[in-house]
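Read through the structure below, which is laid out as structure tokens, and then see the notes.
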Amino acid sequence: MVFLVYDILLLLLSPAIIAHHAWRTVSRGRSFAGFGERFGFIAPERLMPVAGKRPIWVHAVSVGETMAVKPLLRELKHRYPERPVVLSTVTETGRSVAEKIAEADLVVYFPFDFGCAVSRALRLVSPSLVIVVETEIWPNFLRYARRMAIPAVMVNGRISDRSFPRYLRFSWFFAPLLAKLSALCMQSEEDARRIVAIGAPAHRVFVTRNLKYDLPVRTLSPAEREELHQRYRLPPGTLVITAGSTHAGEEEAVADSYARLVRERPGLFLVLVPRHPERAAEVGTMLQGKGIPHVRRSALDGAPEPAAGGVLLVDTIGELMNLYALSDLVFVGGSLVPVGGHNLLEPASVGAPVLFGPHMHNFREITALVLAADAGEQVEDRAGLEDALRRLLNDEPRRLAMGERGIRLMAEQGGAASRHLEIIGRLLVTGSGE
């Protein structure tokens, strides 16, 4: 009954879904081969690296999930080098990041959840195991995987405060879907309790912690630092502030604070990295209106040398970690506005002191750990952000100590990938979660 209801709803929505993706493909000049992948058509030549090898199919919807699963991909390739990895995403930005991950032997768009599309894709890929990252519950995909005797496991699972009541209200719908998963690896005891309350079989639920803690700790050598400084043409001798994964309203708050700080203390340089690169034009117009000189990352090579007091506006994908590593101070966006925050551990893993706003409800556990370790500071509003920036820019020992404590935190909290692999290894051997 659940699947009948779902298929009827999907059929009704299918014209809008297909039209939306077709328009995006045409308007952005993208290949129709990618559009075909959404219907389960994968070109034979693209399948060659995985054909006949029973690969592991990992699905990560977008950028955040793709970045989170990288430690697990490294462990998979280390322990099972004979098994190729297929990495799928839903979004274009997620795919752009996925294509830069060395451990992925094939990157594809995740098929629309029509029965014909998912069954075709599963037959073509013929995976030995399906891994879905966080709470990616696609009914037909899970149903056809189970029908084809392909075990499926949820990794880095979490149920947020906001989504839990909705899942609980529709537990009659989700319980049969969760039963299709051979194992559910959850980030915390609370996430495990919630997924069981929604209807997951308790004996298949495991607490394996958060893969985002397994980001590799990285400190730049002098040669690496110099190479990156030249790549991004950062003005020498400046203190670099990076505002990463920002959303509408946050860039203006950061820009206003930055303009005042530059007047007080010349020798600053700001890197702005909007969460969605397509907003770069909008952010650039805002900076121009405030009289703040800026250059876009995509035009950097042909632009005049950026100067102190200016802004590097990043409109590309996959460069945030390099920029965090070069930063003297980082602000993580999605937190001054009620988005729910982004991953504070990314700057912590490269020893960058981090600031963030009050809206971190999607990262409560990580926020608590960062604050307890004194690796970052939480501010309440725009004024608080400016005050914290001013204070820390004038306190180098405090900045360096926060960065060192962030690296120590990462070292102490690692190991989630290994815990996940214990469960995954059993599924690869037995082909069952029972």
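Taking the six-membered ring for Trp and thresholds of 30 and 60 degrees, Phe112 and Phe114 have ring planes inclined between 30 and 60 degrees apart. Ring planes of His342 and His247: parallel class, angle under 30° (limits at 30 and 60°).
Panel note: side chain Thr91, backbone Gly94; a donor-acceptor pair is recorded below 3.5 Å. Panel note: side chain Lys100, backbone Ile317; a donor-acceptor pair is recorded below 3.5 Å. The backbone N or O of Asn210 lies less than 3.5 Å from no partner atom in the side chain of Gln187, so there is not a single donor-acceptor pair. With hydrogens and angles disregarded, no donor-acceptor distance shorter than 3.5 Å links the side chain of Asp191 to the backbone of Met186. Between the side chain of Asp113 and the main chain of Phe141, a donor-acceptor pair closer than 3.5 Å is present. No donor-acceptor pair closer than 3.5 Å links the side chain of Asn362 to the backbone N or O of Gly341.
With rounding to the nearest 0.5 angstrom, the CZ atom of Phe110 is 12.0 Å from the CG atom of Leu87. Distance check, rounded to the nearest 0.5 Å: OG of Ser62 to NE2 of His276 gives 8.0 Å. Atom CG of Asp328 sits about 8.0 Å away from atom CD of Glu396, to the nearest 0.5 Å. In this structure, CZ on Arg123 lies 11.5 Å from CD1 on Ile42, to the nearest 0.5 angstrom. Here the straight-line distance linking atom NE2 of His229 with atom CG of Asn322 works out to 11.5 Å at 0.5 Å rounding. Once rounded to the nearest 0.5 Å, the distance linking CG of Asn343 with CD1 of Ile366 reads 4.5 Å.
Between Ile198 and Leu178 there is a side-chain heavy-atom pair separated by less than 4.5 Å. Residues Pro151 and Leu428 fail the side-chain proximity criterion, which asks for heavy atoms closer than 4.5 Å. Thr242 is not listed as a side-chain neighbour of Pro347, based on a closest heavy-atom distance of 4.5 Å or more. With contacts defined as side-chain heavy-atom distances shorter than 4.5 Å, the pair Ser128/Ile56 qualifies. Taking the side chain as every heavy atom from C-beta outward, Val153 and Leu184 never approach each other to under 4.5 Å.
The pair Arg279-Asp315 fails the salt-bridge criterion, with no side-chain N (NZ, NE, NH1 or NH2) lying under 4.0 Å from an Asp/Glu carboxylate O. The pair Glu190-Arg193 meets the salt-bridge criterion, with a side-chain N (NZ, NE, NH1 or NH2) lying under 4.0 Å from an Asp/Glu carboxylate O. With salt bridges taken as basic N to acidic carboxylate O contacts below 4.0 Å, one links Arg158 and Glu134. Ion pairing between Lys212 and Glu346 fails under the 4.0 Å rule for side-chain N and carboxylate O. Looking at Arg231 and Glu319, no side-chain N of the basic residue comes within less than 4.0 Å of a carboxylate O on the acidic one, giving no salt bridge. Using a 4.0 Å cut-off between a side-chain N of Lys or Arg and a carboxylate O of Asp or Glu, Arg79 and Glu75 qualify as a salt bridge. Between Arg194 and Asp161, at least one side-chain nitrogen of the basic residue sits less than 4.0 Å from a carboxylate oxygen of the acidic one, meeting the salt-bridge criterion. Salt bridge Asp374/Arg405: present, at least one basic N to carboxylate O contact under 4.0 Å. In summary, Glu251 and Arg275 do not engage in a salt bridge, as defined by a charged side-chain N under 4.0 Å from a carboxylate O.
Listed by chain and number, the residues in a side chain to side chain contact (heavy atoms under 4.5 Å, CB included) with Arg390 are Leu261, Glu264, Glu386, Asp387, Asn394 (sequence neighbours excluded). Applying the side chain to side chain contact (heavy atoms under 4.5 Å, CB included) criterion to Thr238, with sequence neighbours excluded, gives Pro235, Val240, Phe269, Ala308. Under the ring pair (Phe, Tyr, Trp, His ring centres under 6.0 Å) criterion, Tyr144 pairs with no residue at all, not counting sequence neighbours. By the side chain to side chain contact (heavy atoms under 4.5 Å, CB included) test, Asp381 is found to be paired with Ala383, residues two or more places apart in sequence or in another chain being considered. Shown here are the side chain to side chain contact (heavy atoms under 4.5 Å, CB included) partners of Leu300, two or more places apart in sequence or in another chain: Arg233, Val295, Arg297, Pro306, Leu312.
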Please report the C-alpha distance between Lys77 and Arg83 in whole Å, then the side-chain angles of each, then the deciding distance to 0.1 Å, and finally whether the side chain to side chain contact (heavy atoms under 4.5 Å, CB included) criterion is met.
CA-CA 8 Å; Lys77 294 298 281 188; Arg83 294 186 186 269; over 6 Å; no
Determine, step by step, whether Arg209 and Glu189 satisfy the salt bridge (Lys or Arg N to Asp or Glu O under 4.0 Å) criterion, reporting the C-alpha distance in whole Å, the side-chain angles of both residues, the deciding distance to 0.1 Å, and the verdict.
CA-CA 9 Å; Arg209 313 305 297 174; Glu189 295 284 354; 5.9 Å; no
List the steps and the verdict of side chain to side chain contact (heavy atoms under 4.5 Å, CB included) for Leu355 and Leu389.
CA-CA 8 Å; Leu355 298 172; Leu389 287 169; 3.7 Å; yes
Between Phe39 and Val118, does the side chain to side chain contact (heavy atoms under 4.5 Å, CB included) criterion hold? Intermediate values first, please.
CA-CA 8 Å; Phe39 289 91; Val118 296; over 6 Å; no
Side chain to side chain contact (heavy atoms under 4.5 Å, CB included) between Val130 and Met154, worked out:
CA-CA 9 Å; Val130 165; Met154 177 187 293; over 6 Å; no
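Side-chain contact of Ser163 with Ser160: a donor-acceptor pair under 3.5 Å is present, judged by distance alone. Thr208 and His420 share a side-chain donor-acceptor pair at under 3.5 Å.
Annotation: cation-pi geometry not satisfied between Arg382 and Phe331 (NZ/CZ under 6.0 angstrom from ring centroid, within 45° of ring axis).
Each of Leu369, Thr367, Leu409 was compared with Leu344 under the side chain to side chain contact (heavy atoms under 4.5 Å, CB included) criterion, and only Thr367 meets it.
For CD of Glu305, the number of neighbouring non-hydrogen atoms (other residues, nucleotides, ligands) closer than 6.0 Å is greater than 12. Remark: Glu227 CD is packed, more than 12 non-hydrogen atoms of other residues, nucleotides or ligands lying under 6.0 Å away.
Contacts classified as salt bridge (Lys or Arg N to Asp or Glu O under 4.0 Å) and involving residues 43-72 (residues at least two apart or in different chains) are given here: Glu37-Arg46.
Residues Tyr109 and Phe35 place their aromatic rings such that the two centres sit no closer than 6.0 Å.
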